There are 2 protein chains.
Amino acid sequence: MSTSIRLAIDVMGGDFGPRCIIPAVARSLRQIPDLYVLLVGDAEQLASLCNKHRLPSGRIRCIPTTQIIHASDSPASVLRRKPDASMRVAIEQVRDGHADACLSAGNTGALMVLSRSILGTLDQIERPAIMAALPVAGKACYLLDLGANVDCTALQLVQFAVMGSEAARELSGLQEPRVGLLNIGSEVNKGSQRVREASELLRQHASLNYVGHVEGDGLFRGDADVVVCDGFVGNVVLKASEGLASYMQEELRQALTANLLLRCLSPLLRLALRPMNRRHDPGCYNGASLLGLKGVVVKSHGGADEDAFTAAIDRAAQAGRSNLPQHIARRLGSAGPGSP
Amino acid sequence: MSTSIRLAIDVMGGDFGPRCIIPAVARSLRQIPDLYVLLVGDAEQLASLCNKHRLPSGRIRCIPTTQIIHASDSPASVLRRKPDASMRVAIEQVRDGHADACLSAGNTGALMVLSRSILGTLDQIERPAIMAALPVAGKACYLLDLGANVDCTALQLVQFAVMGSEAARELSGLQEPRVGLLNIGSEVNKGSQRVREASELLRQHASLNYVGHVEGDGLFRGDADVVVCDGFVGNVVLKASEGLASYMQEELRQALTANLLLRCLSPLLRLALRPMNRRHDPGCYNGASLLGLKGVVVKSHGGADEDAFTAAIDRAAQAGRSNLPQHIARRLGSAGPGSP
């Protein structure tokens, strides 16, 4: 069992809860032979669904909890008032060495606050960040922060760059990921004081492959493998991109079904468009990493369906296997403005 | 001639200069019967191109200039070193009452600095803002600021809201445009200190139809007619949206031409997709307004082709006709936190 990958999953999080998560776990257990899952949540629902979906008893363990963290719960309140919440207990499995990674589709703010409190932040990191992958030309462009830090100092942006670079190396297998700083122009004098300061620090950083400023459209031209920004900008850009992509897909669907002849050809069209849709399905890229913690925590989209949650399990398993926190800690111990 | 609309156009700006702008002007003169154009730029090129495209001599006037503002010119340097730049002279036509609006596809920073210096800022406005329309479901969603102000105070964001609301009323004919504040969550406690303060001021503002926070995906769900944010966020979101839209269009084109049968059907597909493409062609929405000045200035995309520049002429003519600065000044004179 020592070489297997052990995942603690908060089955009560997300819009669809265990009804969506348990079938996704069943599928992942078939696809990942050395996966072992700790299912954390309501005992009764777990028993019934594990039975229904025939989860192999030797590769799962159910950890019963009695409390649920809701989307409306304030991050501060969950720290004190919900000691037996499924999300908390799932994170504790990582802290106690029972799991290599934790996965939840619940309240992002609560997940971050609980993770910081239970696992702690890496010594050289001021604030953890949330990182996700944008699908660009069949490759991942990692963007961080996505909302954990509304305002960031220049030094924090540099720390994000180091974490993102290490994560891209581990998750995408890139030797020297190209790191860019999101900005409103390519010239060095562009952007806020903070962004200009970060740009200067990044340029001096010996161990980063810094490629300079990346503008909004550069995100979708593959100008960098990792793009760094504060959490306000990152969150708005990510959500705007998701919103625009699904809006355009719906427009396309309507355009293609408005024409009678094209409706007859729809099986052919669906077939032709399938590779493109698959390359850009946000579900395939589901699973954001909380970076800078002393343990692996992955956040699934709250609205993830079975397919998307399966993708998040893949991502969490990969992150858990790579032991990303250790790599980041080692990298930050090396010389550079990001180190203390 | 008193009821005609008079446009001063900087023909030397943009990636393609007069070769693209003069044919666009020719087309606009055919489409807008009461349009009168002051063409500002190099005398020789103007003479040759006006002749070639048979511009009606009674409806144009050429104003020869000897200097050009380049994309690489710093906004500060253009103030002092280029007294005979086409962009400057075009703006001066508005100041001197010879034109109702000025249009340029040149350096945005220079256009803003020159406009502020030559026309001046409205009394109640701290900083002008740049506003453009995102095409959403065949309607315009106005977004501002788009890069004139990297950092904004809460009060400036409120001023943007008032200017945007008035502009949407004039340009889209909406009686009570819904105004939203771009943020990373819908709850009142979300976002930076500055954004929370702006939200509070906007809620108290009697004359605005304020609908609260709009998230990134809300931009493309039509959650508001006007969305307000600082220039850093707005610039990144606008460019990311443009980048993603053209990336997805290219992906679609490739997917549809990869299949032999679909290649044979391509005339039909083009026909079916034409309304959708037209509704989302960024060119159709070309023409950003510089709001808060004592005159109408419109910025065309630097890479605008003939179609897109024609759209910008339409926009500038419409803005010039409505006398937007007067409406904004009147609105700001009324009670509300935006007034002094």
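So you know, we letter chains A, B, ... as the sequences are listed, proteins then strands, and number each from 1. Keep in mind that this is a model prediction, so the values were computed, not measured. Basis for what follows: all heavy atoms, side chains included, without hydrogens, waters or symmetry-related copies.
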Between chain B and chain A, identify every pair of one donor and one acceptor N or O atom lying under 3.5 Å apart.
residue	atom	partner	partner atom	Å
A137(B)	N	Y247(A)	OH	2.4
E215(B)	OE1	K239(A)	NZ	2.3
D217(B)	N	K239(A)	O	3.4
K239(B)	O	D217(A)	N	3.4
K239(B)	NZ	E215(A)	OE1	2.3
Y247(B)	OH	A137(A)	N	2.3
Y247(B)	OH	H280(A)	NE2	2.7
E251(B)	OE1	R279(A)	NH2	2.7
E251(B)	OE2	R279(A)	NH2	2.7
R279(B)	NH2	E251(A)	OE1	2.7
R279(B)	NH2	E251(A)	OE2	2.7
H280(B)	NE2	Y247(A)	OH	2.7

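- Ranked by heavy-atom pairs under 4.5 Å with chain B, the first of G109(A), G191(A), G147(A) is G191(A).
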If you apply the rule side chain to side chain contact (heavy atoms under 4.5 Å, CB included), what do you find for M87(B) with L111(B), and how did you get there? CA-CA 7 Å; M87(B) 185 191 282; L111(B) 186 65; 3.7 Å; yes

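- In terms of heavy-atom pairs under 4.5 angstrom with chain A, the leader among L273(B), L256(B), L268(B), L219(B) is L268(B).
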Step by step, would you call L157(A) with L201(A) a side chain to side chain contact (heavy atoms under 4.5 Å, CB included)? CA-CA 9 Å; L157(A) 291 170; L201(A) 291 173; over 6 Å; no

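- When side chains are defined from C-beta on, L143(B) does not count as touching V226(B), because their heavy atoms never get closer than 4.5 Å.
- Using a 4.5 Å cut-off on side-chain heavy atoms (C-beta onward), L291(B) and F160(B) make no contact.
- The shortest side-chain heavy-atom distance between V227(A) and L144(A) does not fall under the 4.5 Å cut-off.
- The candidate from V233(A), L244(A), L134(A) with the greatest count of non-hydrogen atom pairs under 4.5 Å with chain B is L244(A).
- Looking at A258(B), neither its backbone nor its side chain comes within 4.5 Å of chain A, counting heavy atoms on both sides.
- With chain A as the partner, the residue from G185(B), G216(B), G243(B) showing the most heavy-atom pairs under 4.5 Å is G216(B).
- Between V158(B) and the choices V228(B), L181(B), L202(B), the side-chain contact (heavy atoms from CB on, under 4.5 Å) rule is met once, by L202(B).
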Quick one, M112(A) with L290(A), criterion side chain to side chain contact (heavy atoms under 4.5 Å, CB included). Give me CA distance, side-chain angles, the key distance, then yes/no. CA-CA 7 Å; M112(A) 182 54 100; L290(A) 273 57; 4.0 Å; yes

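- Residue contact with chain A, scored on non-hydrogen atoms closer than 4.5 Å, involves the side chain of L265(B) exclusively.
- Looking only at heavy-atom pairs under 4.5 Å with chain B, the residue among L182(A), L146(A), V136(A) that has the most is L182(A).
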For V113(A) and L79(A), what are the C-alpha separation, side-chain angles and deciding distance, and is it a side chain to side chain contact (heavy atoms under 4.5 Å, CB included)? CA-CA 8 Å; V113(A) 162; L79(A) 270 178; 3.4 Å; yes

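- Minimum interatomic distance between G180(A) and A224(A) (heavy atoms only, all atoms of both residues): N-CB, 3.9 Å.
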